[in-house]
Peer 1: 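Would you mind keeping the following structure in view while I ask a few things?
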Amino acid sequence: MESGRATLLKEQQLKDQFDNLEKHTQSGIEFVERYSKFVKERSEIEISYAKQIRNLSKKYQPKKNSREEEENKYTSCRAFLSTLNELNDYAGQHEVIAENLTSQIITELSRYLTELKAERKSHFHDGRKAQQQIESSWKQLESSKRRFERDCKEADRAQQYFERMDADINVTKADVEKARQQAQMRHQIAADSKTEYSNYLTKFNQEQNEHYYTLIPNIFQKLQEMEERRIERVGVSMKTYAEVDREVLPIVGKCLDGMTKAAESIEPKTDSKQVVESYKSGFEPPGDVEFEDYGPGQTIKRTVSETSLSNSRGEAKERPGGGKSKGKLWPFIKNKNKSPKQNKEPLSNRFNEFMASKPKMTCLRSLRRGLSLKLGSGPEDFSHLPPEQRRKKLQAKIDDINKDIQKEMDQKDALTKMKGVYEKNPQMGDPASVDPRLVEMSMNIEKLQSEVQKFEGWLAEVEGRLPSRSDPPRRQSGLYESQHSNSTMVDNNCAQDRESPDGSYTEEQSSETQVKVAIANTPEFDDEFDDGDEETLPTIGTCKAVYSFEGHNEGTISVTEGELLFVIEQDKGDGWTRVRRNEEEEGYVPTSYVEVFLETNAKGAMTYI
């Protein structure tokens, strides 16, 4: 009995240990899930932080065609731009951190948790199975023990009954023999129960020994190893968590070094020189003010030096030598009076001259394009700028045109070589097919060279006015008189309105030019030109659309690949060909998008692509 109670107590304790282990391992799994959630939230924070940093860098990037983009010539602005670029790279490293945290920790822990839960479930299933088996064996042992006890009691009662029958003289011999046989049978049953109980006891002891010394220790050992692997895996994840940050530190350090280098590249003197160069006017300094004596019966005449600031009002006063002082504009002083030598024509005459130049325009679209080009951003000769700034603009324009000339000449040389190859090997191509393009390039070069000469003339005019540092102050030269065709009349008018007859710079723009521009922008102006000048152009050939083109801009027309159209105006060198679909639909398409077939009687007719 005592041994049975001890066994039951051990079973209860073992069951309690399984419950404790089950709770502990479950809390371990919850800890891994909690740590995985922590890393996931850190990754989301890194992504959000990187996004905000990128948006901040993008927000403060200089806008195209804005004042901020012009300020990039200063070292401080360039340093700030470099800082923004480095900050963008810095944000990229935080994205790398988030990516590595996700791939190396979150994903791996998620997979490991699935495996851990399955392993834990398997071990506890084996433990419960072992417990059930030992409990079943214990129940069989208890059952055989109770049966052996019962059989022994019945055998004792049968023996006592036989002895009473045998001592009783009144009982027949047959009854005594029957009682004796009954007692022997009960003793045999008790002996069998004893043997069965002994077998079950031996079996239970073996199973119990195996249960407590083999099965349960193995299960506990597996649970212990599982728990140790879980703890080790958490430690590895924590180490990886730190390594992920450490891996990006060199690049983050380079980003910070780049910011430091950008800050160290700021040069205040260079920036101040840039400001001086940007706003240098080139005007002469004023001359000395003459001393005027005052004596009895005399009054001081308010005469001033011809180059003094007081003479900047544009007043023409007589001088002792018979000359006149001409008005000049100095920094921070606006010349609000019109020059006395500037003769203004009536607006009607200006408009009539402007209308007279109309036939030279190819079409109304070209007229509008010319007006927007010449009047939209100031005069072509930059006469609205101070002399020094005007010189810089003209020099930059000349440099740009020279680059275009060099580009055209390089292309012409390449085509000339191609033509030579075609002449030597006719099977490679027709030499005559290159001639139209060569002629076009030659014309373009001539146009660009004439443009260079025009701007060089204006530049020579400005350089003639600018005083050298060693020369004494002198009067400004007269107005540069240039004769242009009627197509450039608008430019000359703008230049005259912005510059006084003695060549000095004026702030006020001619009111006539403003009125002219206003007239050109009114619907009545467009309607008059549309009705009077915009005729239906004749067809000079056909073309086939090689590619599809969606004409979203005003004046263009959309075409589909393979569509046939009529050509009404060739490419004038700007890369656009004017086509017509029907009597009402016409517009411009890129020349490279169509294959043109000009009629034989058209000027310069030739099939080209």
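All values reported here derive from a predicted model rather than from experimental measurement. Numbering starts at 1 and runs along the sequence shown.
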Peer 1: Heavy-atom count check: over 12 atoms from other residues, nucleotides or ligands less than 6.0 Å from Tyr35 OH?
Peer 2: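 Atom OH in Tyr35 is crowded, with more than 12 foreign heavy atoms closer than 6.0 Å.
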Peer 1: Atom CE in Met165, atom OG1 in Thr172: separation rounded to 0.5 Å?
Peer 2: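 One finds 6.5 Å between CE of Met165 and OG1 of Thr172.
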Peer 1: Do the side chain of Arg147 and the main chain of Lys194 share a donor and acceptor less than 3.5 angstrom apart?
Peer 2: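 Checking the backbone N and O of Lys194 against the side chain of Arg147, no donor-acceptor pair under 3.5 Å is found.
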Peer 1: Tabulate below the donor-acceptor pairs under 3.5 Å that side-chain atoms of residues 231-240 make, not counting sequence neighbours, or state none.
Peer 2:
unit_1: Ser237; atom_1: OG; unit_2: Arg233; atom_2: O; d: 3.0
unit_1: Thr240; atom_1: OG1; unit_2: Val236; atom_2: O; d: 2.8

Peer 1: A quick test of your reading: do over 12 heavy atoms of other residues, nucleotides or ligands sit less than 6.0 Å from CD of Gln133?
Peer 2: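 No - once you tally the heavy atoms of other residues, nucleotides and ligands closer than 6.0 Å, there are 12 at most.
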Peer 1: Testing the basics here: between Glu22 and Thr25, what is the closest heavy-atom pair and its distance to 0.1 Å?
Peer 2: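 Glu22 and Thr25 have their closest heavy atoms at O-OG1, 3.0 Å.
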Peer 1: So which atom in Ala50 and which in His94 form the shortest heavy-atom distance, rounded to 0.1 Å?
Peer 2: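 Reported closest heavy-atom pair: CB-CB, 4.0 Å.
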Peer 1: Tell me if a side-chain donor or acceptor on Thr542 pairs with a main-chain N or O of Phe566 at a distance below 3.5 Å.
Peer 2: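 Here the side-chain-to-backbone pair does not exist.
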Peer 1: Under 3.5 Å, side-chain donor or acceptor atoms of residues 242-252 against the rest of the protein: list the pairs with distances, not counting sequence neighbours.
Peer 2:
unit_1: Glu243; atom_1: OE2; unit_2: Arg246; atom_2: NH1; d: 2.9
unit_1: Asp245; atom_1: OD1; unit_2: Arg42; atom_2: NH2; d: 3.1
unit_1: Asp245; atom_1: OD2; unit_2: Arg42; atom_2: NH2; d: 3.1

Peer 1: Does the side chain of Gln411 reach to within under 4.5 Å of the side chain of Lys407, using non-hydrogen atoms?
Peer 2: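 Touching, per the 4.5 Å side-chain cut-off.
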Peer 1: Working to the nearest 0.5 angstrom, can you tell me the gap between Gln93 CD and Asn88 CG?
Peer 2: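 So the gap between those two atoms works out to 11.0 Å.
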Peer 1: If the threshold is 4.0 Å, N to carboxylate O, is there a salt bridge linking Glu586 and Arg578?
Peer 2: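 Between Arg578 and Glu586 there is a salt bridge, with a charged N closer than 4.0 Å to a carboxylate O.
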Peer 1: For the NZ atom of Lys261 and the NZ atom of Lys254, what is their distance to the nearest 0.5 Å?
Peer 2: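 Lys261 atom NZ to Lys254 atom NZ measures 12.5 Å (nearest 0.5 Å).
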Peer 1: Could you check whether any side-chain heavy atom of Asn402 comes within less than 4.5 Å of a side-chain heavy atom of Gln406, counting everything from C-beta outward?
Peer 2: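 Result no, sub-4.5 Å side-chain heavy-atom pair not found.
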Peer 1: Nearest 0.5 Å please: distance from the CG atom of Leu565 over to the CZ atom of Arg581.
Peer 2: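 These two atoms lie 6.0 Å from each other.
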Peer 1: Are the side chains of His187 and Gln159 in contact, using a 4.5 Å heavy-atom criterion?
Peer 2: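 The answer is yes; the side chains approach within 4.5 Å.
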Peer 1: Answer yes or no: does atom CD of Glu228 have more than 12 heavy-atom neighbours from other residues, nucleotides or ligands under 6.0 Å?
Peer 2: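 Count over threshold, so yes.
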Peer 1: Using atom types as modelled and distance alone, determine if a side-chain donor or acceptor of Asn425 lies under 3.5 Å from a backbone N or O of Gln427.
Peer 2: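 Answer holds: no.
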Peer 1: Taking atom CE as the centre, does Met409 end up with more than 12 heavy-atom neighbours from other residues, nucleotides or ligands that are less than 6.0 angstrom away?
Peer 2: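 No, CE of Met409 has 12 or fewer neighbouring heavy atoms, counting only those of other groups under 6.0 Å.
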Peer 1: Any side-chain heavy-atom pair from Thr556 and Trp576 closer than 4.5 angstrom?
Peer 2: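 With C-beta onward as the side chain, the pair touches.
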Peer 1: Using side-chain heavy atoms (C-beta onward) and a distance below 4.5 Å, is Ile189 in contact with Glu154?
Peer 2: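 A side-chain contact is absent here, since even the closest heavy-atom pair is not under 4.5 Å.
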Peer 1: Looking at Asn205 and Leu201, would you say the former's side chain and the latter's main chain have a donor-acceptor pair under 3.5 Å?
Peer 2: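 Yes, because the side chain of Asn205 sits within donor-acceptor range (under 3.5 Å) of the backbone of Leu201.
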Peer 1: Using the benzene-type ring in the case of Trp, are the ring centres of Tyr588 and Phe549 under 6.0 Å apart?
Peer 2: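 No: the rings miss the under 6.0 Å criterion.
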Peer 1: Evaluate the criterion side-chain hydrogen bond (donor to acceptor under 3.5 Å, both in side chains) for residue pair Glu207 and Ser137; output intermediate values, then yes/no.
Peer 2: CA-CA 8 Å; Glu207 291 179 354; Ser137 180; 2.6 Å; yes
Peer 1: Please test Ile29 against Leu116 for side chain to side chain contact (heavy atoms under 4.5 Å, CB included), starting from the C-alpha separation and ending with a verdict.
Peer 2: CA-CA 8 Å; Ile29 292 176; Leu116 180 63; 3.6 Å; yes
Peer 1: Would you say the side chain of Lys178 lies within less than 4.5 Å of the side chain of Gln181, judging by non-hydrogen atoms?
Peer 2: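 Gln181 does not reach Lys178 side chain to side chain.
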Peer 1: Between Glu149 and Lys153, does any side-chain N to carboxylate O distance fall below 4.0 Å?
Peer 2: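 Between Lys153 and Glu149 there is a salt bridge, with a charged N closer than 4.0 Å to a carboxylate O.
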Peer 1: Could you check Asp271 against Gln274 for side-chain hydrogen bond (donor to acceptor under 3.5 Å, both in side chains), going step by step and ending with a plain yes or no?
Peer 2: CA-CA 5 Å; Asp271 287 353; Gln274 287 278 0; over 6 Å; no
Peer 1: Apply the test side-chain hydrogen bond (donor to acceptor under 3.5 Å, both in side chains) to residues Ser43 and Thr102: give CA-CA distance (whole Å), side-chain angles for both, the deciding distance (0.1 Å), then the verdict.
Peer 2: CA-CA 7 Å; Ser43 176; Thr102 301; 3.2 Å; yes
Peer 1: Which pair of heavy atoms, one from Pro436 and one from Ser433, lies closest together, and at what distance?
Peer 2: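 The pair with the smallest heavy-atom distance is CD-O, 3.6 Å.
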Peer 1: Locate the shortest heavy-atom distance separating Gly92 from Arg54; write the atom from each residue and the value.
Peer 2: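 Scanning both residues, the minimum pair turns out to be CA-NH2, 3.3 Å.
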Peer 1: For Pro426, is there any backbone N or O sitting under 3.5 Å from a side-chain donor or acceptor partner on Asp430?
Peer 2: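 No.
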Peer 1: Of all the heavy-atom pairs spanning Ala158 and Arg186, show the shortest one and how long it is.
Peer 2: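 Ala158 and Arg186 have their closest heavy atoms at CB-CG, 3.7 Å.
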Peer 1: Is it the case that the side chain of Thr202 and the backbone of Ser198 share a donor-acceptor pair, with hydrogens and angles ignored and the cut-off at 3.5 Å?
Peer 2: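 Looks like yes, one N/O pair under 3.5 Å.
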Peer 1: Looking at Arg230, is its backbone amide N or carbonyl O close enough to the side chain of Tyr112 to form a donor-acceptor pair, meaning the two atoms are under 3.5 Å apart?
Peer 2: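 Yes, because the side chain of Tyr112 sits within donor-acceptor range (under 3.5 Å) of the backbone of Arg230.
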Peer 1: Please answer whether the main-chain N or O of Gly575 pairs with a side-chain N or O of Thr591 as donor and acceptor at a distance below 3.5 Å.
Peer 2: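 It does hold such a pair.
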Peer 1: Is it the case that more than 12 heavy atoms not belonging to Lys392 sit under 6.0 Å from its NZ atom?
Peer 2: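 Check passes, neighbour count above 12.
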Peer 1: Test side-chain hydrogen bond (donor to acceptor under 3.5 Å, both in side chains) on Thr577 and Asp571 and set out the steps.
Peer 2: CA-CA 5 Å; Thr577 301; Asp571 186 353; 4.9 Å; no
Peer 1: From Lys403 NZ over to Asp399 CG, what is the distance, rounded to the nearest 0.5 angstrom?
Peer 2: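 So the gap between those two atoms works out to 7.0 Å.
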Peer 1: If we ignore hydrogens and angles and just use 3.5 Å, is the side chain of Ser48 paired with the main-chain N or O of Ile45 as donor and acceptor?
Peer 2: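 It does not hold such a pair.
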Peer 1: Rounded to the nearest 0.5 Å, how far does CZ of Phe204 lie from NZ of Lys139?
Peer 2: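 Between atom NZ of Lys139 and atom CZ of Phe204 there are 12.5 Å.
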Peer 1: Using a distance-only test with no angle check, is there a side-chain donor-acceptor pair under 3.5 angstrom linking Asn218 and Gln221?
Peer 2: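 Result is no, nothing qualifies.
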Peer 1: Do side-chain atoms of Asp166 reach the backbone of Phe162 as a donor and acceptor pair under 3.5 angstrom?
Peer 2: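 Side chain of Asp166 to backbone of Phe162: no pair is present.
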Peer 1: What residues, two or more places apart in sequence or in another chain, satisfy ring-ring contact (aromatic ring centres under 6.0 Å, His included) together with His123?
Peer 2: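 Not a single residue meets the ring-ring contact (aromatic ring centres under 6.0 Å, His included) criterion with His123.
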Peer 1: Counting only heavy atoms from other residues, nucleotides and ligands, does the tally under 6.0 Å from CD of Glu99 exceed 12?
Peer 2: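 Counting other residues, nucleotides and ligands, CD of Glu99 stays at 12 neighbours or fewer.
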Peer 1: Are side-chain N/O atoms of His24 and Glu227 paired as donor and acceptor at under 3.5 Å?
Peer 2: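 On atom types as modelled, these side chains qualify, holding a pair under 3.5 Å.
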Peer 1: To check you understand the geometry: which heavy-atom pair defines the closest contact between Tyr212 and Pro217, and what is its length?
Peer 2: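 Shortest heavy-atom contact: O-CG, 3.3 Å.
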Peer 1: Only one of Leu109, Thr107, Ile105 passes side chain to side chain contact (heavy atoms under 4.5 Å, CB included) with Ser36; say which it is.
Peer 2: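 Result for side chain to side chain contact (heavy atoms under 4.5 Å, CB included) with Ser36: Leu109.
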Peer 1: Is there side-chain contact between Ser548 and Val559, with at least one heavy-atom pair below 4.5 Å?
Peer 2: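 Heavy-atom side-chain distance check fails, nothing below 4.5 Å.
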Peer 1: Decide yes or no on side chain to side chain contact (heavy atoms under 4.5 Å, CB included) for Arg34 and Glu30, but give the supporting numbers first.
Peer 2: CA-CA 6 Å; Arg34 182 184 176 191; Glu30 292 175 355; over 6 Å; no
Peer 1: Using a 4.5 Å cut-off on heavy atoms from C-beta on, say whether the side chain of Phe148 contacts that of Tyr200.
Peer 2: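 No, their side chains stay 4.5 Å or more apart.
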Peer 1: For Tyr593 and Tyr547, take the angle between the two ring planes, folded into 0 to 90°, and tell me which bin it lands in: parallel under 30, tilted 30 to 60, perpendicular over 60.
Peer 2: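 Perpendicular.
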